[in-house]
There are 2 protein chains.
Amino acid sequence: MVTIADVAQAAGVSISTVSYVMSGKRTISQDTKERVERAIDALEYRPHASARSLASRSTNVIGLQAPLRSGVDVHVVMEIVAGIVREARMHQYDILLLTSDDAEGLHRATRASMVDALLLMDVESDDPRIATLRELATPSVLVGLPRGAEELTCVDFDFEAAGRMAAERLIALGHRRVALLGSPREVIDRHTSYAERLSRGFLAACAEHDVPATVHQCPTTHESVRVLNAVLAEHPDVTGLFIHNEGALAHIAARAATIDGLEAIALCPSDIARTVPTLVDSIDLPAEGLGSAATQAIIALLAGESTPKVRLLPAVLASSRGASEPERAEVAGR
Amino acid sequence: MVTIADVAQAAGVSISTVSYVMSGKRTISQDTKERVERAIDALEYRPHASARSLASRSTNVIGLQAPLRSGVDVHVVMEIVAGIVREARMHQYDILLLTSDDAEGLHRATRASMVDALLLMDVESDDPRIATLRELATPSVLVGLPRGAEELTCVDFDFEAAGRMAAERLIALGHRRVALLGSPREVIDRHTSYAERLSRGFLAACAEHDVPATVHQCPTTHESVRVLNAVLAEHPDVTGLFIHNEGALAHIAARAATIDGLEAIALCPSDIARTVPTLVDSIDLPAEGLGSAATQAIIALLAGESTPKVRLLPAVLASSRGASEPERAEVAGR
DNA sequence: GTGAAAGCGCTAACAG
DNA sequence: CTGTTAGCGCTTTCAC
């Protein structure tokens with residue numbers, strides 16, 4: 001194994017000089033700097049992560065609790081994680097994958113100094129992990145927007161604005177009764193915050209326009225078609241649909257396309273929307289961007305910068321009907 | 001921060017005694033052992049991971065390169081990862097998520113002593129990372145079965161047996177011309193080893209029974225229905241389908257159910273199969289089990305136990321037609 | 001501008 | 001059965 005001592009010897013300098021060349025924490029003459037860098041390259045030296053973290057009291061690792069549970073939209077989760085990992089690497093951070101949903105894992109990782117910070121996904125409205133975070137006092141960011149998290153930093157997509165936007169778009173298209181076909185039962189029962197915010201925004205906008213609207217749970221499978229059928233049976237005047245359920249999307253959209261006068265909008269990543277040509281419009285769910293944004297927030301926290309407590313990525317309408325410029329919802333604060 | 005010295009002081013023993021109580025590497029009197037354990041609990045002591053790994057020269061972390069790329073079956077990938085994380089935790093290991101597909105990441109993680117071992121998913125037939133692994137000489141396990149990996153440990157599902165099994169089942173059901181609707185183009189082009197093995201087994205079994213068979217790429221979307229239509233247009237006598245494409249599965253199965261005489265079998269996780277009631281049978285893809293098995297292999301390697309170079313999880317037919325006992329393919333070696 | 005040396009918290013000889 | 005101590009490889013004072 002190549003150590004800093006080997007590099008120092010090869011470059012004819014002291015150990016501390018090598019360390020300072022790497023950290024840039026003091027001025028080094030051009031000459032020695034180059035000698036050291038050459039030695040580092042020649043020996044393919046990589047500082048021992050544990051030794052570094054023991055001495056510096058920081059690991060450059062972020063702990064991530066990602067949901068591997070049922071009902072979640074796996075595609076979206078994967079994209080968010082991809083965004084997190086990519087952004088983290090850009091800032092020299094690595095990601096430690098913690099098993100989801102246990103406060104114990106958070107304890108372990110932080111108390112054992114395995115991580116500098118925590119990133120939690122799939123946060124519920126009243127998530128027990130929030131109490132744990134408070135007591136741990138480790139820098140942390142939630143991907144989501146739980147209720148009682150005033151002092152925690154949250155990053156999420158603006159689901160409420162997306163709900164409003166979808167409603168307004170459907171109404172603008174002339175629909176006079178609309179329905180939101182949303183997340184599956186597990187997600188609703190768990191009080192996952194995004195589902196609640198989406199339907200709140202949707203219903204509020206419909207109410208403002210005096211357009212009757214309903215919200216429905218959907219399984220993530222072909223079964224979702226039955227939900228659509230039931231909705232139409234009960235309210236034959238529904239002509240506008242807003243779909244937020246990736247597993248159900250293709251099935252519902254396909255079925256809807258066979259019914260005259262029915263139009264559907266979806267909330268999903270844009271690459272998914274592209275595979276469902278019968279959609280009128282879609283609202284982009286910027287999953288990877290969410291991951292990047294959350295990681296940026298964590299890194300800002302770690303750098304001691306002041307960050308907004310809540311950052312919501314704006315909803316953007318990706319109109320299939322050739323809108324020249326995408327509409328934007330303003331960033332919301334709290 | 002609570003250190004081992006704090007625990008030692010609280011228990012009235014030396015720090016080495018505390019260390020040995022934790023590791024069990026020497027016999028300790030019942031009395032001191034209990035005092036130490038009480039102190040550990042009372043102080044909620046967790047050994048500093050970096051200090052421990054610096055002294056012991058092992059991190060208890062496994063590096064994982066999971067694919068976040070396109071064409072992969074996200075659901076399956078998530079389940080495999082879930083299996084890996086769960087099994088790793090059972091053995092006191094954590095998972096460091098490396099960005100996929102770069103040999104550089106493997107170098108970084110190992111040279112910096114961040115991980116004890118590596119786990120690679122989504123391996124291609126001629127994967128460039130294999131050369132890197134060889135030169136790194138870090139214990140590693142591949143989830144997959146590339147061509148030139150004689151000295152590497154591989155764990156995978158027995159796709160070839162699954163292909164044979166599907167063919168034989170369709171033939172037993174009376175079908176005299178069959179088709180495999182498989183992975184999307186990206187996966188095929190990348191020479192992902194599982195796709196090749198699956199179709200090899202399928203075609204071989206069909207040839208042995210003199211049943212004509214064809215293999216087709218499928219997009220992971222609704223578009224896959226067009227592939228089915230094209231197949232039927234070209235070979236109207238196709239009556240048996242074997243589907244291995246999670247995104248396409250529901251669409252193809254739904255379409256197939258509308259065509260008289262057509263029967264379909266799928267290869268997918270059993271919970272997915274359950275959502276597609278029109279399948280005749282399905283072969284279970286034990287994704288989570290694959291993750292566990294791969295992790296077990298890694299842990300065996302790290303423990304210096306001798307492990308088989310190749311372990312293939314057997315294909316199991318989950319007949320929807322009330323087979324009393326699932327058929328099993330024998331474990332293959334190499 | 002550069003070095004020497006004192007830790008960081010732990011493990012594992014070595015010494016009883 | 002238990003304690004003392006020399007590192008593990010690095011960062012960061014302190015000294016020049």
Side-chain angles (χ1 to χ4, degrees), chain A residues 1-37 39-40 43-61 92 94 108-116 302, chain B residues 1-37 39-40 43-61 92 94 108-116 302:
Chain A
M1 193 205 177
V2 181
T3 72
I4 196 172
D6 299 326
V7 177
Q9 191 171 19
V13 297
S14 73
I15 285 181
S16 57
T17 298
V18 176
S19 177
Y20 283 118
V21 167
M22 301 194 72
S23 68
K25 287 187 181 173
R26 79 181 180 191
T27 44
I28 306 276
S29 75
Q30 189 59 29
D31 176 51
T32 46
K33 188 172 174 183
E34 276 171 15
R35 284 214 318 286
V36 169
E37 280 166 350
I40 288 176
L43 299 175
E44 295 194 59
Y45 166 66
R46 311 275 182 149
H48 190 292
S50 299
R52 170 175 275 189
S53 97
L54 180 58
S56 70
R57 319 184 131 273
S58 86
T59 61
N60 268 40
V61 172
Q92 325 288 9
D94 274 286
R108 256 191 59 250
T110 50
R111 302 294 297 274
S113 304
M114 307 181 76
V115 302
D116 292 342
L302 287 169
Chain B
M1 192 205 178
V2 181
T3 73
I4 197 172
D6 299 325
V7 175
Q9 190 171 18
V13 297
S14 73
I15 61 171
S16 61
T17 299
V18 176
S19 177
Y20 283 119
V21 167
M22 300 194 73
S23 68
K25 287 189 181 172
R26 77 183 182 192
T27 45
I28 306 277
S29 75
Q30 189 58 30
D31 177 52
T32 44
K33 188 173 173 182
E34 276 171 16
R35 284 214 318 286
V36 169
E37 280 167 349
I40 287 176
L43 300 175
E44 296 192 59
Y45 166 67
R46 313 273 181 150
H48 190 291
S50 299
R52 170 175 274 188
S53 97
L54 180 58
S56 70
R57 320 185 127 275
S58 86
T59 61
N60 269 40
V61 172
Q92 325 288 10
D94 275 286
R108 255 192 60 251
T110 51
R111 303 293 298 274
S113 303
M114 306 181 77
V115 301
D116 293 341
L302 287 170

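Atoms considered below: every heavy atom in the structure, side chains included; atoms not considered: hydrogens, waters and symmetry mates. Predicted model only: the values in this text are computed from it and were never measured.
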C:dC10 OP1/OP2 closer than 4.0 Å to side-chain N/O of B:S50: no
Base of D:dT2 paired with side chain of B:R26 (donor-acceptor, under 3.5 Å): yes
Other residues, nucleotides, ligands: >12 heavy atoms within 6.0 Å of A:Q9 CD: no
Separation of atom CE in B:M114 from atom P in D:dC10, rounded to whole Å: 14 Å
Whole angstrom value for the distance that separates C1' of C:dC10 from CD1 of B:I40: 13 Å
A:T17 side chain near C:dG1 phosphate (N/O to OP1/OP2, under 4.0 Å): no
Sugar-phosphate, base or nothing in reach of A:I15, heavy atoms under 4.0 Å: base
Interatomic distance where CZ belongs to A:R46 and P belongs to D:dC8 [whole Å]: 22 Å
Side-chain N,O (B:K25) to OP1/OP2 (C:dT11) below 4.0 Å: no
B:Y20 (side chain) and C:dA13 (base): donor-acceptor pair under 3.5 Å: yes
Spacing of B:M22 atom CE and B:I28 atom CD1 [to the nearest 0.5 Å]: 12.0 Å
pair B:K33-B:V36: side-chain heavy atoms closer than 4.5 Å: no
B:M22 CE - C:dT11 C1' separation (whole Å): 12 Å
Side chain to side chain contact (heavy atoms under 4.5 Å, CB included) between A:V2 and A:E44, intermediate numbers included: CA-CA 8 Å; A:V2 181; A:E44 295 194 59; over 6 Å; no
A:R52 side chain near D:dG9 phosphate (N/O to OP1/OP2, under 4.0 Å): no
Touch class at under 4.0 angstrom, heavy-atom based, for A:S53 against every strand present: nothing
Sugar-phosphate only, base, or nothing, as touched by A:S19 at under 4.0 Å among non-hydrogen atoms: base
Minimum-distance nucleotide (side-chain atoms of B:T27 versus C:dT2, D:dG7, D:dC1): D:dC1
Worked verdict on B:R52 versus B:N60 for side chain to side chain contact (heavy atoms under 4.5 Å, CB included): CA-CA 10 Å; B:R52 170 175 274 188; B:N60 269 40; over 6 Å; no
Gap between atoms CD and C1', on A:E34 and C:dG1 respectively (whole Å): 16 Å
For the student: nearest non-hydrogen atoms of A:M114 and A:V61, plus distance: O-CB, 3.6 Å
Value in whole Å for how far the C1' atom of D:dC1 lies from CD of B:Q30: 13 Å
Under-4.0 Å side-chain N/O to phosphate OP1/OP2 contact, B:T3 with C:dG9: no
Proximal nucleotide (of D:dC10, D:dG3, D:dG7) relative to the B:V13 side chain: D:dG3
Touch class at under 4.0 angstrom, heavy-atom based, for B:S16 against every strand present: base
Spacing of A:I28 atom CD1 relative to C:dG1 atom P, expressed in whole Å: 8 Å
Separation of atom CG in A:D6 from atom C1' in D:dC8, rounded to whole Å: 14 Å
Closest to side chain of A:H48, choosing from C:dT2, D:dC10, C:dC10: D:dC10
Minimum-distance nucleotide (side-chain atoms of B:S56 versus C:dC10, D:dT11, C:dT11): C:dT11
Contact under 4.0 Å: B:R57 side-chain N or O vs D:dG9 OP1/OP2: yes
